Amino acid sequence: MRDPHGTEFDDFVRTRSVALLRVAYLLVGDRHAAEDLLQEVLEQMYVRWRRVRESPEAYARRALVNRSINRWRRRTRRPEQALGDNDGVARDHADDIALRQAVVAALRTLPPRQRAAVVLRYLEDLSVADVAGALRCSEGTVKSHASRGLAHLREALAGSSLVLSVPTDTRSAR
């Protein structure tokens, strides 16, 4: 007979893995790295399931943010190398794919804490308090990171010909 905690964990993974993968992707900017990141976090959660099962999604978001920041730190020690030159490839993408690529590229330019604040606050639509809990910082720090991140995104995307509506206000706690 299966362990009831294993069933709970399986249900959590089945219902929330797509949303968590989206968060991971927005944090790291690469599909494969996001899948690896999520897998690492899910493995960590499985081992600690008895302790985290009361609020598994909050734990998962916090773990994704922490691990993505650690990966970013490691990457600064070992710079990435491009696999190929994409300039010679003719682009025939739909507007939504081009917009997504522009936003993800702009998100990559943000420092990790600002990126996490913007992703969790505006793309995952969490409250300031929830983001503060995930980042383990004050609500004021979340607002500051989100405001600076949005300003940087506006600046980065200003030259883009794509139509983008970046929030102009930093919403207060709900």
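Note that the structure is a prediction, hence the values are computed from the model and not measured. Positions are given from 1, in the same order as the sequence printed here.
Taking 4.5 Å as the limit, some side-chain heavy atom of Tyr25 sits within range of a side-chain heavy atom of Val104. Counting heavy atoms from C-beta outward, Gln44 and Tyr59 have side chains that approach closer than 4.5 Å. Side-chain contact between His145 and Arg115: absent, with no pair of heavy atoms (C-beta onward) separated by less than 4.5 Å. Looking at Val13 and Tyr46, their side chains never come closer than 4.5 Å, going by heavy atoms from C-beta outward.
Residues Ser138 and Thr141 bring a donor and an acceptor atom of their side chains to less than 3.5 Å of each other.
Glu8 contributes atom CD, which lies 5.0 Å from atom CZ of Arg53 (distance to the nearest 0.5 angstrom).
Thr15 contributes a side-chain N or O that, together with a main-chain N or O of Asp11, makes up a donor-acceptor pair within less than 3.5 Å. When atom types are taken as modelled, the side chain of Arg61 and the backbone of Ala134 share no donor-acceptor pair closer than 3.5 angstrom. The backbone N or O of Gly149 lies less than 3.5 Å from no partner atom in the side chain of Arg154, so there is not a single donor-acceptor pair. One N or O on the side chain of Ser68 and one on the backbone of Leu64 form a donor-acceptor pair closer than 3.5 Å. Distance alone, capped at 3.5 Å, is enough to place a donor-acceptor pair between the Thr109 side chain and the Ala106 backbone. Under the 3.5 Å distance criterion, the side-chain polar atoms of Ser127 are matched with a main-chain donor or acceptor of Asp130.
Between Phe12 and Trp49, the ring planes lie tilted relative to each other; the angle falls in the 30° to 60° range.
The pair Glu35-Arg31 meets the salt-bridge criterion, with a side-chain N (NZ, NE, NH1 or NH2) lying under 4.0 Å from an Asp/Glu carboxylate O.
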